[in-house]
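Report on the structure given below.
First the proteins, then the strands, lettered A, B, ... as listed; each starts at 1.
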Amino acid sequence: MSANAASRLLQHYVDNFRRLPWRSPPGSPPPEPYRVWLSEVMLQQTTVAAVTPRFERFLERWPTIEALAAAPEADVMQEWAGLGYYARARNLIACARAVAAMGGFPASEAELRKLPGIGAYTSAAVAAIAFGEAEVPVDTNVERVVARLHALTDKSAVPAFAKAMMPEGRPGDFAQAMMDLGASICRPRAPLCTQCPLAADCRAFALGTPEAFPTPKPKTIRPQRYGIAWWIERDGLVWLVRRPAKGMLGGMAALPGPDWQDEPVTANAIAWVTHVFTHFALDLTIVPVAEPCGEGWWQPIDRLSEAGLPTLYRRAAEAALAGMTALAA
DNA sequence: AATGCGTGGAC
DNA sequence: TGTCCAAGCAT
């Protein structure tokens, strides 16, 4: 890409700058590494709209990485509940503790990359945005922008092309400019090529088929699965458990119940919920049970929102309470 | 290297 | 409605 195109991209970024709680305006001192890291981990496969209130809440409750490192795990999981991909929260705690023990974030991409939950993208993003290192984080936005710019069908060449585009200085602004362009102009569907500062350089635009790049992912079938959750209620309390650290909803608070299965279940239900995960859909049947089982705790029903239930179980509890009310009426 | 891992908004 | 997809990482 010509230096001219790079400067048009950066100018477009400045002109359309979107203030977000975790970033500083172009030209101002970079944000704290803690803020950059926390936001980047939250933003992994998650929208800005979903992240923004969570980021504010985390920062309010744990203003420094030392504070986060000292937090009980259950408190962090509770604040993460509903945000999804819960391995991120487990890695967040491990990373915070490692960094606190080191006395602060390492400033290089290579050292950041070794920390839990920090992969190729996040290490480059933190290095560029917080430390001004000349790295280009390649996320799906950058992948799409670069693939279209060069009409690439093979995405493996994207990182090299992306690095070749990077102008001298301002690596953090460049990274965010590329991502903002992908999110706002160079969108997956119906890209706004007439408004794009790179249109004159774009091979896919010249071909008239920007949406053909990069090659769309093949669609996968979503199996249907089935499960039971037990509703164990006594004196305004409900029995909750913590799920195993690995696997679905790992480490999260939950209603107790047997493992989910591939065949429909029959039971004396008070409520049902259906929930769609990435790789399967779940029909969950909620069944009243008298006695608590296994390890767990009694959660006051009027403080259920403080339990940190992931969305599946939050909705299951809502459905159960509605079902019990209907039953009593 | 292919797969498992959440959720909600846009269309 | 269903389908796509989001500032990916770990294994």
- prompt: Just wondering, more than 12 heavy atoms not from A:Gln78 lying within 6.0 Å of its CD?
  reply: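 More than 12 within 6.0 Å, yes.
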message: Would you say that more than 12 heavy atoms from the other residues, nucleotides or ligands in this model lie under 6.0 Å from the CZ of A:Arg18, or not?
response: no
[X] side chain: which of [options] is closest?
X        : options              : result
A:Phe280 : B:dC5, B:dG6, C:dA7  : B:dC5
A:Arg314 : C:dA10, B:dG8, B:dG6 : B:dG8
A:Arg189 : C:dC4, B:dT7, C:dA7  : C:dC4
A:His275 : C:dA7, B:dT7, C:dA10 : B:dT7
A:Thr278 : B:dC5, C:dA7, C:dC9  : B:dC5
A:Thr140 : B:dT7, B:dG6, C:dA6  : C:dA6

- prompt: Mapping A:Gly182 and A:Lys246 to their closest nucleotides on DNA chain C, which lands nearer the 5' end?
  reply: A:Gly182
- prompt: Taking for each residue the nucleotide of DNA chain C with the nearest heavy atom, is it A:Thr220 or A:Leu115 whose nucleotide lies nearer the 5' end?
  reply: A:Thr220
message: I'd like to know if A:Glu135 and A:Arg113 make a salt bridge, using a cut-off of under 4.0 Å between side-chain N and carboxylate O.
response: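 Salt bridge between A:Glu135 and A:Arg113, a charged N being under 4.0 Å from a carboxylate O: no.
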Taking N and O atoms by type only, does the side chain of [X] place a donor or acceptor under 3.5 Å from a partner on the base of [N]?
X       : N     : result
A:Thr47 : B:dG8 : no
A:Thr46 : C:dG8 : no
A:Tyr85 : B:dG6 : yes

Looking for any heavy atom pair under 4.0 Å, which part of the strands does [X] touch: base, sugar-phosphate only, or nothing?
X        : value
A:Val276 : base
A:Pro116 : sugar-phosphate
A:Met179 : base

query: If you find the nucleotide of DNA chain B closest to A:Ala49 and the one closest to A:Gly250, which residue's nucleotide is nearer the 5' end?
result: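 Nearest-nucleotide comparison on DNA chain B picks A:Gly250.
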- request: Decide, applying a 5.5 Å centre-distance limit and a 30° plane-angle limit (both strict), whether A:His279 stacks on B:dT3.
  value: no
task: Please examine the side chains of A:Glu295 and A:Arg242, heavy atoms only from C-beta on, and report whether any two atoms are closer than 4.5 Å.
output: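 A:Arg242 vs A:Glu295: side chains apart.
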message: I'd like to know if the side chain of A:Glu133 and the backbone of A:Glu109 have a donor-acceptor N/O pair within less than 3.5 Å.
response: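 Answer holds: yes.
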